[in-house]
Visitor: 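Following this message is one structure expressed as structure tokens.
For the numbers below, each heavy atom of this structure counts, side chains included, while hydrogens, waters and symmetry mates do not.
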Amino acid sequence: MFDNYDVIVVGAGHAGNEAAAAAANMGSKTLLITMNMQVIGQMSCNPAMGGVAKGQIVREIDALGGFSGIISDKTMIQFRMLNRSKGPAMWSPRCQSDRMRFAEEWRLTLENIPNLDFFQDMVASLLVKDGRVVGVRTGLGVEITAKAVILTSGTFMNGLIHIGEKQFGGGRTGESASYGITEQLVKLGFEAGRMKTGTPARIDGRSLNYNAMEEQKGDENPSKFSFTDTPALTKQLSCHITYTNSAVHETLKTGFEKSPMFQGRIQGLGPRYCPSIEDKINRFADKDRHQIFVEPEGWNTVECYINGFSSSLPEDVQYKALKQMVGFENVKMFRPGYAIEYDYFPPTQLKLSLETKIIENLYFAGQINGTTGYEEAACQGLMAGINAHNKIQEKAEFILKRSDAYIGVLIDDLVSKGTDEPYRMFTSRAEYRLLLRQDNADLRLTRKGYEIGLASKERFDAVVAKENNVKHLVNDLKQKKIQPDSINEGLLSLNSSAIREKASFGTLLKRPELYINDLSAVNKELNDYLSKYTPEEIEQAEIFIKYEDYLVKEQENVLKMFKLEDFHIFEDFNYDRIKALSTEARQKLVKIRPSTLGQASRISGVSPSDISILMIYLGK
């Protein structure tokens, strides 16, 4: 029934889809196994992609040759660039998605990949021989062999759903959980844990009074995620904002005695930065209201997602509390919110390639590694798919450094530091965030994607042309001088001081109050010159000129860190031989097995003095 596959991907969520697409597009014969073919690419929680730091990840996936950005562009109903009032390192793209169209577009995309097959069944166990994974066994008893297996189980492994005092097995509402793999992996020597996440009620948008709420429109000139020629967004749906109040809070408190979280029935730790509404009013008792976003779920549905109102309280308590919010007086609830507990495996058990240390050719990606969010899952899936293909082709691991991408930061954080709560990406986690902007993801990564055989030649050629054009533009803006009498009137109109002698446009752009579009609006010569460049190229040149000193300094910091990354450590290195190491450092180094001195320096409990000792020892 089945041929021998190169790669089997278990799970068809965001991680699984990117993993399967990457492996297949690179040339591996790939099988994607899912428990339900009808929900491939399902948005289990909010109908949105991107956001702070997450939007950067989606653009990085796209730059490497993944599909999350393309799917998002084709199915978005609203786009906003967050943090525009801050510097470009903080700009973060986010879109509202059509939930049904998003999943449909993922399936259509995957079905058009020639090397990719599908099978609907639950994977009950792995086939392991001599410390190496060789396939899977399904719930139907079908054994399918493969050279590598990628587990992207999401919230399905031993998933347990909580609504008040009710609890039942499930990976998502209306879908059964997956059983068997956790127990097998624990027997093989893996450490497992439990995490918790939650989702809010879904409601009937026809029952809301939008006039009583604050409208939140998309950007006037919406951008997109993909660097390819995806369709422009020409019309948008608005979100709306309302607030909880003291009456809502008092109603919610009546359900605390039946709360699975407060009564100890939930053992897993939930996401710190996306708490349930009951957790918020309990932890922030001094606040008399919390912001709630009403997000439409698509063009052709009335269903709405109530962002900020995640809850596992009894459904009647949720409903009564919802009715007390402004605009929700006549609300009708489609389905209540719930919490879900699921198994995960501390990611310190992985290599930077996302291959497990215990079982060769077995890869983990997504929530199984303790992360939360579609974007974090998708980028792990992409990297696991790339590395699974490379491993069976006897090619080098594909590792992104912390200075290469947010993806590199995320994976290094997980593998080097681990996580005991759902990990979410933030710009603050990236020490080189000025280099890792959303606008330059293609310049950073498309060449790498092309070299490994994932990004197309067309993409690569476009990036090379963009690089050259930006270099020329930067040089010309720095070199081209302008006379005071041809620019001073314009400068004064822009509330900027006049110049007394010739100055370059590059010098003027160093002024914080001046932007290139403003200058081109008051100077015809500059406006005519810029017409031969794309808006993206102009933006790149402007950012480089404005922040050049900071960018150079950040690049110098990267080069300093590279010195530590050049000290490679063998996987079987005997740390017990170095008696000068602290006991904690020795224990952590033995457990995590860092591949470089740089990675070792980022392990919690390993001090600078421990690194100095290691450096001396390795230098010998």
Visitor: Run the salt-bridge test on R101 and E104 with the 4.0 Å N-O cut-off and return the result as yes or no.
Guide: yes
Visitor: Please list, chain by chain and in numerical order, all residues satisfying salt bridge (Lys or Arg N to Asp or Glu O under 4.0 Å) with K280, sequence neighbours excluded.
Guide: none
Visitor: Does the pair E397/K391 count as a salt bridge with the N-to-O cut at 4.0 Å?
Guide: no
Visitor: Counting only N and O atoms by type, is there a donor-acceptor contact under 3.5 Å from the side chain of Y338 to the main-chain atoms of T173?
Guide: yes
Visitor: Salt bridge or not between K54 and E376? Use side-chain N to carboxylate O under 4.0 Å.
Guide: yes
Visitor: Ring pair (Phe, Tyr, Trp, His ring centres under 6.0 Å) with F345: which residues, sequence neighbours excluded?
Guide: F364
Visitor: Within the structure provided, determine whether L151 and L362 are in side-chain contact (heavy-atom separation under 4.5 Å).
Guide: yes
Visitor: Determine whether a donor-acceptor pair (N or O, by modelled atom type, separation under 3.5 Å) exists between the side chain of R132 and the backbone of K129.
Guide: no
Visitor: Checking R289 against Y243: charged group under 6.0 Å from the ring centre and within 45 degrees of the axis?
Guide: yes
Visitor: Going by side chain to side chain contact (heavy atoms under 4.5 Å, CB included), name the residues that satisfy it together with N115, two or more places apart in sequence or in a different chain.
Guide: A24
Visitor: Between M195 and T155, is there a side-chain heavy-atom distance shorter than 4.5 Å?
Guide: no
Visitor: Please tell me if the side chains of T182 and F190 come closer than 4.5 Å, counting only heavy atoms from C-beta onward.
Guide: no
Visitor: Under a 4.0 Å threshold between the charged nitrogen and the carboxylate oxygen, would K332 count as salt-bridged to E303?
Guide: no
Visitor: Would you mind reporting whether I61 and F67 have side-chain heavy atoms less than 4.5 Å apart?
Guide: no
Visitor: Is any side-chain heavy atom of D121 closer than 4.5 Å to one of M35?
Guide: no
Visitor: More than 12 heavy atoms of other residues, nucleotides or ligands under 6.0 Å from NZ of K351: yes or no?
Guide: yes
Visitor: Applying ring pair (Phe, Tyr, Trp, His ring centres under 6.0 Å) as the test, list every pair that has at least one member in residues 44-63; sequence neighbours left out.
Guide: none
Visitor: Are T152 and E18 close enough that some pair of their side-chain heavy atoms sits under 4.5 Å apart?
Guide: no
Visitor: Can you name the nearest heavy-atom pair linking P93 to M81, along with the distance?
Guide: N-SD, 3.5 Å
Visitor: Give a yes or no on whether a salt bridge exists between E111 and R107, defined as a side-chain N under 4.0 angstrom from a carboxylate O.
Guide: yes
Visitor: Any carboxylate oxygen within less than 4.0 angstrom of a Lys/Arg side-chain nitrogen, looking at K224 and D73?
Guide: no
Visitor: So which heavy atom on A388 is nearest to which on A148, and how close?
Guide: CB-CB, 4.1 Å
Visitor: Who passes side chain to side chain contact (heavy atoms under 4.5 Å, CB included) against Q184, sequence neighbours left out?
Guide: S125, L126, V128, L188
Visitor: Taking L354 as the fixed residue, which of N387, L414, I150, N369 is the one that meets the side-chain contact (heavy atoms from CB on, under 4.5 Å) rule?
Guide: N369
Visitor: Are D117 and K29 close enough for a salt bridge, meaning some N to O gap below 4.0 Å?
Guide: yes
Visitor: Are there over 12 heavy-atom neighbours, none belonging to K323, within less than 6.0 Å of that residue's NZ?
Guide: yes
Visitor: Do NZ/NE/NH1/NH2 and the carboxylate oxygens of K166 and E315 come within less than 4.0 Å?
Guide: yes
Visitor: Can a salt bridge be assigned to the pair E297 and R202 using a cut-off of 4.0 Å between side-chain N and carboxylate O?
Guide: yes
Visitor: Which pair of non-hydrogen atoms, one from C379 and one from I407, has the smallest distance, and what is that distance?
Guide: CB-CG1, 3.7 Å
Visitor: Under the rule for side chain to side chain contact (heavy atoms under 4.5 Å, CB included), what residues qualify as partners of F168, not counting sequence neighbours?
Guide: I161, I163
Visitor: Answer yes when D413 and R602 have at least one side-chain N-carboxylate O distance shorter than 4.0 Å, and no when they do not.
Guide: no
Visitor: Within a strict 4.5 Å, meaning less than it, do heavy atoms of the Q599 and L352 side chains meet?
Guide: yes
Visitor: Among side-chain atoms of H290 and T244, is any donor-acceptor pair under 3.5 angstrom?
Guide: no
Visitor: Do the non-hydrogen side-chain atoms of Y342 and L160 ever get within less than 4.5 Å of each other?
Guide: no
Visitor: Can you establish whether the number of heavy atoms outside K591 located under 6.0 Å from its atom NZ is more than 12?
Guide: no
Visitor: Between E421 and K196, does any side-chain N to carboxylate O distance fall below 4.0 Å?
Guide: no
